[in-house]
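A quick note: this is a predicted structure, and the numbers were derived from the prediction, not measured. The chains referred to below are lettered A, B, ... by the order of the sequence lines, with proteins before strands, and numbering in each begins at 1. Computation of the quantities below employed the complete heavy-atom set of this structure, encompassing side-chain atoms and omitting hydrogens, waters and symmetry-equivalent molecules.
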There are 2 protein chains.
Amino acid sequence: MLSHFTVDCVIYTFHEAQLKILLTERNEYPYKGWWALPGFYVEKDEEMEDAVKRISYENTGLKDIYLEQLAAFAGVKRHPEGRILTVAYVALVRYDNVKNKVKPVTSYMKQAKWYPINHLPDLAFDHREIIQLSVEKLKKRLSYSLAPFELLPEKFTLTQFQQVYEALLGETLDKRNFRKKINNLGYLKELDEFQTGVSYRAARLYKLDRRKFQKLFE
Amino acid sequence: MLSHFTVDCVIYTFHEAQLKILLTERNEYPYKGWWALPGFYVEKDEEMEDAVKRISYENTGLKDIYLEQLAAFAGVKRHPEGRILTVAYVALVRYDNVKNKVKPVTSYMKQAKWYPINHLPDLAFDHREIIQLSVEKLKKRLSYSLAPFELLPEKFTLTQFQQVYEALLGETLDKRNFRKKINNLGYLKELDEFQTGVSYRAARLYKLDRRKFQKLFE
DNA sequence: TTTAATAGTGTAAAAAATACACACTATATT
DNA sequence: AATATAGTGTGTATTTTTTACACTATTAAA
C-alpha cells in the first residue's frame with residue numbers, strides 16, 4: 001500500500017543529425033557504475049512534475065522545458081530492496097541551450113553524457129524498456145505534436161526538420177515529398193535568413209508559426 | 001519518498017449502441033456516496049497489473065480481460081489525507097460476458113453501474129479527468145488497435161462495428177465509406193451467419209481475422 | 001576554375017478518401 | 001394478403017493525398 005516513489009526522465013535532444021538521450025553514470029548501489037536515466041525520489045509534498053523539473057534542471061541546467069508523462073513502472077522486482085514505483089517522463093531540449101551545461105551536479109552520479117538513441121550502452125533497471133516506449137510514443141505523435149520544434153533551434157533548416165522525422169521514424173524520406181507535405185501542413189514560417197558558417201550553399205531558415213499550429217489542433 | 005499506491009480502472013463496454021463505463025458508488029470517506037472509478041490499493045508484493053485484474057474481477061466477474069495502462073496521477077491534493085498515487089488502466093469487456101454479473105462484491109462500495117460515456121454523473125477525485133484522457137487515447141488508437149473487438153461480441157455486424165467507431169469519434173460516419181474502408185483493412189472475416197431475432201432484414205455477422213490483423217501490425 | 005557538398009524545385013501516376021441515393025428483406029401489424 | 005417499418009447492402013464519380021523520380025543552383029575551399 002505504500003511504495004517508494006521516483007521519477008525518471010528521458011531527456012532528448014537533437015544534435016549532429018541524430019536524436020540523443022542524456023544518461024548518467026550511477027555512483028550508488030544498485031547498478032553502481034552503470035548508465036541510467038536521470039531520476040530520483042519525489043519528495044513528500046512535492047508535485048511529481050516539480051520533481052521532474054528539478055531533476056532535469058540538475059542535469060541540463062534548464063528550467064521550463066517541454067515535458068510529457070510517459071508511463072508508470074512498478075514491477076515488484078525492479079529494485080532489489082523492494083518495489084520502487086517510477087513514473088517516467090519525456091523531456092525535450094534544444095542542444096544549443098545545453099551544450100555547455102551538462103555536468104553531474106549531484107553526488108549520486110559520476111557523469112552525464114548524451115547518447116544517440118541507436119547506440120545506447122547497457123542500462124540499469126528497466127531503463128532500456130522505458131526508452132523504447134518513449135521512442136514509440138514520440139514516433140506516433142510526430143506530425144501532430146510540437147515535439148520536433150522542442151528539439152530543434154528556434155530557427156532551423158528544412159533539412160534539420162526532416163532529420164528529426166527520419167531519426168524517429170528510422171527511415172529516410174524523399175526530400176521533395178517531405179517538403180510538399182510540410183508545406184501543406186502550413187505551420188512553418190519561411191524566414192529571410194539563411195544558415196551561416198557552412199561551406200556549401202546556405203539553407204533558408206524556418207520557424208514554427210505557433211498561431212497556425214494551434215488553430216489546426218484545438 | 002513513500003506514497004500510497006492505488007490503481008483505478010476505466011472499464012468500458014459496448015451496449016445499446018453506446019460506449020459505457022462501469023462506475024461504483026463509494027461507501028467510504030472521502031466522497032462517500034459519490035460515483036467513482038473502481039479502484040483500490042495495490043498490495044505490498046502485488047504486481048500493479050494483478051491489482052488491476054483483481055479489481056476488475058471484483059467488479060465484472062471476469063478474468064483475462066484486455067488491459068492497457070493509461071497514466072499515473074499523483075497530485076499532492078488528490079486526497080485530503082495526503083498524496084495517493086494512482087495508476088489508471090483502461091479495461092475493455094464484452095457486455096454479453098458481464099450483463100448478469102455486475103454487483104458490488106466489496107464492502108467499500110454500495111453498487112456498481114454502467115454509465116454511457118456522454119452521460120456521466122459527478123465523479124469523485126479527478127476521475128472525470130482520467131476518463132476524459134482515456135477516451136482520447138482510445139480514439140487515437142481506434143484504427144490500429146484491437147480495442148473495438150474487445151468491446152464487441154465475438155461475432156458482430158458491421159453496423160455494430162461502425163457504432164463503436166462513432167461512439168469514440170463522437171460523429172456519425174457514412175455507411176458506404178465506412179464499409180469500403182474496413183474492407184480495405186482486410187482483417188474482418190465475413191461469416192455465413194446472420195443476426196437472429198430482429199424484426200427487419202438480418203445483418204450478416206463478421207469476426208476479426210487475428211492472423212491478418214497481426215501480419216498488418218507487427 | 002574546379003571540385004565537393006548540400007539546397008532547392010515540379011510533374012505525372014496511383015491510391016485513398018469523400019460525397020451521395022436507392023432497392024432489398026425480414027418481421028409485425030392490420 | 002397487403003402494407004408499414006426498420007435497418008441492410010451496394011456503386012460511381014470527384015477530389016485529395018501519396019508516391020516516384022532527377023536535375024540545376026549556390027557556396028566555400030582547394
Separation of [X] atom [atom1] from [N] atom [atom2], in whole Å?
| X | N | atom1 | atom2 | answer |
| --- | --- | --- | --- | --- |
| B:Phe156 | D:dG7 | CZ | P | 20 Å |
| A:Asn183 | D:dT18 | CG | P | 14 Å |
| B:Ile182 | C:dT18 | CD1 | C1' | 17 Å |
| A:Lys181 | C:dA15 | NZ | P | 17 Å |
| B:Phe178 | C:dT18 | CZ | P | 13 Å |
| A:Glu190 | C:dA7 | CD | C1' | 13 Å |
| A:Phe161 | C:dA7 | CZ | C1' | 17 Å |
| B:Leu173 | C:dT18 | CG | P | 10 Å |

So, are A:Lys113 and A:Glu25 salt-bridged, with charged N and O less than 4.0 Å apart?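 Result for this pair is no, no salt bridge flagged.
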
Could you check whether A:Arg179 gets within reach of a base, just the sugar-phosphate, or nothing at all, counting any heavy atom under 4.0 Å? base

Once you apply a heavy-atom cut-off of 4.0 Å, does B:Thr157 come out as touching a base, just sugar-phosphate, or nothing? nothing

Pick the nucleotide of DNA chain C nearest each of A:Leu205 and B:Asn184; which residue has the one closer to the 5' end? A:Leu205

Would you find a donor on one side and an acceptor on the other, under 3.5 Å apart, between the side chain of B:His127 and the backbone of B:Ala36?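 No: the side chain of B:His127 does not pair with the backbone of B:Ala36.
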
Polar side-chain atom of B:Gln162 near backbone of B:Leu173 as donor-acceptor pair, under 3.5 Å: yes

Which residues satisfy the ring pair (Phe, Tyr, Trp, His ring centres under 6.0 Å) test with A:Phe213, sequence neighbours excluded?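 Testing A:Phe213 for ring pair (Phe, Tyr, Trp, His ring centres under 6.0 Å), a comparison that skips the adjacent residues, returns A:Tyr187, A:Phe217.
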
With a 4.0 Å cutoff (strictly under), does any side-chain N or O of A:Thr159 reach OP1 or OP2 of C:dT6?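 Checking C:dT6 against A:Thr159, no side-chain N or O comes under 4.0 Å of OP1 or OP2.
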
Mind checking what makes side-chain contact (heavy atoms from CB on, under 4.5 Å) contact with B:Arg176, not counting sequence neighbours?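 Counting only residues at least two positions away or on another chain, B:Arg176 forms a side-chain contact (heavy atoms from CB on, under 4.5 Å) with B:Asp174.
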
Donor + acceptor pair across side chains of A:Gln163, A:Tyr165 (<3.5 Å): no

How about B:Trp34 and B:Phe125: are their ring centroids closer than 6.0 Å?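 No: the rings miss the under 6.0 Å criterion.
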
Protein heavy-atom contacts under 4.0 Å, written 5' to 3' over nucleotides 20-30 of chain D as B (base), S (sugar-phosphate only) or - (none), form the string BBB--BBBSS-

